[in-house]
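Take a look at the structure set out below.
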Amino acid sequence: MEALLCRKLGDPTVSLEDNDSPIVLSKNHPIPELDSPTAVRVRIKTTSLNFANYLQILGKYQEKAPLPFIPGSDFSGFVDAVGTKVSNFRVGDPVCSFTGLGSFAQFIVVDQSQLFRVPHGCDVVAAGGLVVAFGTCHVALVHRAQLTSGQVLLVLGAAGGVGIAAVQIGKACGAIVIAVARGAEKVQLLKSLGVDHVVDLSNENVTQSIKQFLQARRLKGIDVLYDPVGGKLAKESLRLLKWGANILIIGFASGEIPIIPANIALVKNWTVHGLYWGSYKIHRPAVLEDSIKELLSWLAKGLISIHISHSYPLSEANLAFSAIKDRKVIGKVMIVFDEKLTRSKM
């Protein structure tokens, strides 16, 4: 089978044909065997790229994988083989899931307890971009911040994978959603998703624009801040939070970790949530399972959608990583197997 191997840490945007590339395409990698009676082998249709995958190959992610390894996290595909005690799935079933490593390959083996059936009528390719991005946002907004109808949600980095997921989940919860992004194309997409107010960083002042919107709607401030960006933008956004606000720390795409003044958090009764979604698999697996099941039901009902910005074959994985690095992405970047590809759907 084809698989992408990370043989050393480094920049994955380098051409795969370059000797300095940390990733190589293995065309004859062994197909994984079923390793338990409840194991299921999935022929992967699509796997998504997340910012964490990029950091992992750079060696900047919080979890370090031993070399060499096959990167990858969430995926979708079809059941290829099942163990003798598998009762939930049959060969040919459409499924999706996530893993710590290993989805940048044509086949993967997981236990049946970790698989989710893709509902009838849902696009299997799109389902490959659901679990990590939407799962992160769902646990953050619904489980941690307990976002409710009528509350005001501010989403930073709103045109990225988790950003677009966050604004859609916010709207599904009945929240008033404010989104921050850069560029007319991103602003247009966010407005098409029903976002109540969009700030274009290329020509607007964040604080001024949001304050004007809040005043016009007679709103007192932001109830929930969803921050995958960090840096100066996060610091500026703190000025807009109301008493009792929830701050969701998702990541630091800006490369700068913000400082949240503890004295102000005390006076304003803010709650600061650090969210490392992957650790729920160890500490709160039932929360993840319930979250993903609800998201799949929302996908089937059309309450949320997966916006695929770019798609690539595995042989062009470096270009996929470049799209993320260069911030060209509006939504998700996907690796798709056995399908004619459109590199950009923007």
Self-check item: Worked verdict on T46 versus I335 for side chain to side chain contact (heavy atoms under 4.5 Å, CB included)
Solution: CA-CA 6 Å; T46 184; I335 297 292; 5.8 Å; no
Under 3.5 Å, is there a donor on one side chain and an acceptor on the other for [X] and [Y]?
X: S97; Y: Q114; result: no
X: D223; Y: N246; result: no
X: E63; Y: Y276; result: yes
X: N318; Y: T13; result: no

Practice problem: Provide the full list of ring pair (Phe, Tyr, Trp, His ring centres under 6.0 Å) pairs with a residue in residues 94-127, sequence neighbours left out, each pair given once. | Solution: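 Listed by first then second residue: F98-W277.
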Quiz item: Do the rings of F51 and Y54 sit parallel, tilted or perpendicular, given the 30° and 60° boundaries?
Solution: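 If you compare the ring of F51 with that of Y54, the planes turn out tilted.
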Examine distances only and state if a side-chain atom of [X] and a backbone atom of [Y] form a donor-acceptor pair shorter than 3.5 Å.
X: E204; Y: D200; result: yes
X: S291; Y: V287; result: no
X: S149; Y: A175; result: no

Show every donor-acceptor pair shorter than 3.5 Å between a side-chain atom in residues 164-172 and any protein atom, with sequence neighbours excluded, or say none if there are none.
residue, atom, partner, partner atom, Å
Q168, OE1, S305, N, 2.7
Q168, OE1, S305, OG, 3.4
Q168, NE2, S305, O, 2.9
K171, NZ, G194, O, 3.4
K171, NZ, D196, OD2, 2.9

Which residues pass the salt bridge (charged side-chain N to carboxylate O under 4.0 Å, His left out) test with [X], not counting sequence neighbours?
X: K325; value: D11
X: K64; value: none
X: R144; value: none
X: E2; value: none

Quiz item: Are L154 and L233 connected in the hydrophobic side-chain network, where two residues link if heavy atoms are under 4.5 Å apart?
Solution: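 They do share one cluster, since a chain of ILVMFWY contacts under 4.5 Å joins L154 to L233.
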Quiz item: Between L5 and I23, does a side chain to side chain contact (heavy atoms under 4.5 Å, CB included) hold up when you go through it step by step?
Solution: CA-CA 5 Å; L5 286 178; I23 52 176; over 6 Å; no
